[in-house]
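What you see is a predicted model, and the numbers here were worked out from it, not measured in a lab. Letters A, B, ... mirror the listed sequences (proteins, then strands); counts begin at 1.
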Protein chains: 2
Amino acid sequence: MARLSDMIEEFIKALLEESNGQLELQRNELADYFECAPSQINYVLATRFSLDRGYYIESRRGGGGYIRIIRLDMDNNDYIMYLLKERIGNRISQQAAEDIIYHMFNKGIITERESLIMKAAIQDKAIGIPTSLKDNVRASIMKAMLTTILKLRN
Amino acid sequence: MARLSDMIEEFIKALLEESNGQLELQRNELADYFECAPSQINYVLATRFSLDRGYYIESRRGGGGYIRIIRLDMDNNDYIMYLLKERIGNRISQQAAEDIIYHMFNKGIITERESLIMKAAIQDKAIGIPTSLKDNVRASIMKAMLTTILKLRN
DNA sequence: GTTATTGACCTTCTTTGACTTTCATTTTTA
DNA sequence: TAAAAATGAAAGTCAAAGAAGGTCAATAAC
């Protein structure tokens, strides 16, 4: 017997196929359809549609809420995926982050303006908390920005 | 599902477009038109036409009352200076920061891509430290990015 | 022993309605 | 007839209900 998670995964992938790699769905609706707990959907999204696997998820709560799933083009984004999955872990120094940003600009992944804005955001001075945590916060901000860029390049 | 709030927002924005950035309306009339509670209009004004998003509201009660919505139009450099020197102090919430970024995009100070990168950098999730400090770090990052943008413009 | 499933509880955003305040107009009243 | 009171016509406020999605830990299945 096929596992529920797998069935939901297949279902979503079929929808993504039909809809050109981007779709919006209602969590409760989908849970109803599969007669499962709504949180089952979150489980499937977390395990099968993670960033690692090349998907980006955004959602909104409240009336008119939704879950949006975006399939990322991994092939054309090797470098960013490498940065997210391997290069940047829990911590990164300002110098290393700047080098990465500079490199992205050189490769034409981001504009010069974008590179300057990003550099501003990851400066020691901007983060301004005890040094022990700075590199952690920087890594986290850096990954958030990179993830957004990944989405943009789709 | 289309949210009522969004429909009302769009409607008002269209009216503003037609009327050169300033308009007067009757709360009850608009509520009638959308068949909703009058206070729904207040909700839309508070969430979508806030100062941070670049609108100013005045109103008058009683017979012949009205609500006036004014789209603010400040010189872009002045606006950034205002943000740096007055609006953003030591702390700022994610919502307020997002509203400001949205407004800057609307005014053409930054591109959409830049706005998304900036939003990524100031998310709660990206900053990821004790809540008590988040707003401080966000204010600091926000100001660093704005300072860079200001430089770019001169 | 890892992967799935469920359910209880939480957070966010929207919508509604009851009650309040303000202002203009009309009606009383000294 | 001028001040005061009543009336009605707005808009404002706030809390509760409703409508989503999120989290996490306990169990179940493999």
Side-chain angles (χ1 to χ4, degrees), chain A residues 1-12 15 23-53 55-70 144, chain B residues 1-12 23-53 55-70 93-99 102 119 122-128 130-131 134-135:
Chain A
M1 191 57 181
R3 273 164 6 283
L4 219 202
S5 292
D6 293 339
M7 289 165 53
I8 298 175
E9 177 185 3
E10 287 316 310
F11 185 79
I12 293 176
L15 288 183
L23 78 89
E24 246 170 55
L25 55 83
Q26 232 67 28
R27 188 182 73 154
N28 291 332
E29 214 171 80
L30 194 55
D32 266 8
Y33 181 75
F34 282 100
E35 290 173 311
C36 64
S39 53
Q40 178 74 18
I41 308 301
N42 297 81
Y43 177 73
V44 173
L45 293 178
T47 56
R48 319 291 216 266
F49 295 88
S50 62
L51 192 58
D52 273 4
R53 295 191 179 207
Y55 297 91
Y56 180 79
I57 311 284
E58 24 182 51
S59 66
R60 186 165 170 173
R61 304 182 184 187
Y66 59 82
I67 295 178
R68 181 179 300 142
I69 304 171
I70 301 168
Chain B
M1 299 308 103
R3 277 177 290 261
L4 219 202
S5 293
D6 292 342
M7 290 166 48
I8 299 175
E9 176 185 4
E10 287 316 309
F11 185 80
I12 293 176
L23 79 90
E24 247 171 55
L25 55 82
Q26 232 69 28
R27 189 182 73 153
N28 290 332
E29 212 171 82
L30 193 55
D32 265 10
Y33 180 76
F34 282 100
E35 289 173 311
C36 65
S39 52
Q40 178 75 19
I41 308 301
N42 297 81
Y43 176 73
V44 173
L45 294 178
T47 56
R48 317 291 215 266
F49 295 89
S50 63
L51 251 190
D52 281 338
R53 285 189 176 215
Y55 299 92
Y56 180 72
I57 311 285
E58 341 177 279
S59 66
R60 189 160 171 185
R61 305 182 185 189
Y66 59 83
I67 294 177
R68 182 179 301 142
I69 305 171
I70 301 163
S93 71
Q94 177 175 338
Q95 185 60 60
E98 281 183 359
D99 285 348
Y102 175 71
K119 274 188 201 166
I122 54 83
Q123 271 177 92
D124 272 0
K125 223 175 50 190
I127 296 175
T131 327
K134 249 179 220 168
D135 287 355

Could you tell me how far apart A:Glu24 (CD) and D:dG21 (C1') are, to the nearest whole angstrom? 13 Å
Starting at CG of B:Asp32 and ending at P of D:dA10, how long is that distance when rounded to a whole Å? 11 Å
Kindly give the heavy-atom pair with the smallest separation between B:Ile12 and B:Leu23, and that separation in Å. O-CD2, 3.9 Å
Looking across every strand, which nucleic acid part, if any, lies under 4.0 Å from A:Arg48 by heavy atom: base, sugar-phosphate, or nothing? sugar-phosphate
Side chains of residues 25-41 of chain B: which donor-acceptor pairs under 3.5 Å do they make with residues two or more places apart or in other chains?
from: B:Gln26; atom 1: NE2; to: B:Gly65; atom 2: O; distance (Å): 2.6
from: B:Arg27; atom 1: NH1; to: B:Asn42; atom 2: OD1; distance (Å): 2.7
from: B:Gln40; atom 1: NE2; to: B:Ser5; atom 2: OG; distance (Å): 3.1

Given atom CG of B:Leu4 and atom P of D:dG18, what is their separation to the nearest angstrom? 17 Å
Rounding to an integer number of Å, can you tell me how far A:Gln40 CD sits from D:dA29 P? 13 Å
For a side-chain contact (heavy atoms from CB on, under 4.5 Å) check, start with the C-alpha distance between A:Glu9 and A:Phe49, then their side-chain angles and the critical distance, and finish with the verdict. CA-CA 8 Å; A:Glu9 177 185 3; A:Phe49 295 88; 4.1 Å; yes
Test of understanding: with side chain to side chain contact (heavy atoms under 4.5 Å, CB included), list the residues that count as partners of A:Thr47, not counting sequence neighbours. A:Tyr43
In whole angstrom, what separates B:Asp124's CG from D:dG22's C1'? 14 Å
Using the test side chain to side chain contact (heavy atoms under 4.5 Å, CB included), find all partners of B:Asp52 that sit at least two apart in sequence or belong to another chain. B:Ser50, B:Arg87, B:Ala96, B:Asp99, B:Ile100
Rounded to whole angstrom units, what separation is found between the CZ atom of A:Arg3 and the C1' atom of C:dT2? 11 Å
Sequence neighbours excluded, which residues qualify as side-chain hydrogen bond (donor to acceptor under 3.5 Å, both in side chains) partners of A:Arg53? none
Rounded to whole Å, how long is the line connecting atom CG of A:Asp6 with atom P of D:dA29? 17 Å
Collect all protein-nucleotide pairs involving nucleotides 11-15 of chain D in which both atoms are nitrogen or oxygen and the distance is under 3.5 Å.
from: D:dA11; atom 1: OP1; to: B:Arg27; atom 2: N; distance (Å): 2.8
from: D:dA11; atom 1: OP2; to: B:Arg27; atom 2: N; distance (Å): 3.2
from: D:dA11; atom 1: OP2; to: B:Asn28; atom 2: N; distance (Å): 3.0
from: D:dA11; atom 1: O3'; to: B:Ser59; atom 2: OG; distance (Å): 3.4
from: D:dA11; atom 1: N7; to: B:Arg27; atom 2: NH2; distance (Å): 3.4
from: D:dG12; atom 1: OP1; to: B:Ser59; atom 2: OG; distance (Å): 2.8
from: D:dG12; atom 1: OP2; to: B:Asn42; atom 2: ND2; distance (Å): 2.8
from: D:dG12; atom 1: O4'; to: B:Arg61; atom 2: NE; distance (Å): 3.4
from: D:dG12; atom 1: O4'; to: B:Arg61; atom 2: NH2; distance (Å): 2.8
from: D:dG12; atom 1: N7; to: B:Arg27; atom 2: NH1; distance (Å): 3.1
from: D:dG12; atom 1: N7; to: B:Arg27; atom 2: NH2; distance (Å): 3.2

In chain order, what residues pass the side chain to side chain contact (heavy atoms under 4.5 Å, CB included) check against A:Arg61, with sequence neighbours excluded? none
side-chain N/O B:Ser5 vs C:dT15 OP1/OP2, d < 4.0 Å: yes
Atom-to-atom span, OH of B:Tyr43 to P of C:dT12 - whole angstrom: 13 Å
Between A:Gly63 and B:Gly63, whichever has its closest DNA chain C nucleotide further toward 5' is A:Gly63
Going by the rule salt bridge (charged side-chain N to carboxylate O under 4.0 Å, His left out), which residues pair with B:Glu10 if we only count those two or more places apart in sequence or in a different chain? none
Distances for protein N or O near nucleotides 4-7 of chain D N or O, under 3.5 Å:
none

Between B:Gln95 and B:Pro38, which is nearer to the 5' end of DNA chain C once each is assigned its nearest nucleotide? B:Gln95
Apply side chain to side chain contact (heavy atoms under 4.5 Å, CB included) to B:Lys119 and list each qualifying residue two or more places apart in sequence or on a separate chain. B:Glu98, B:Ile101
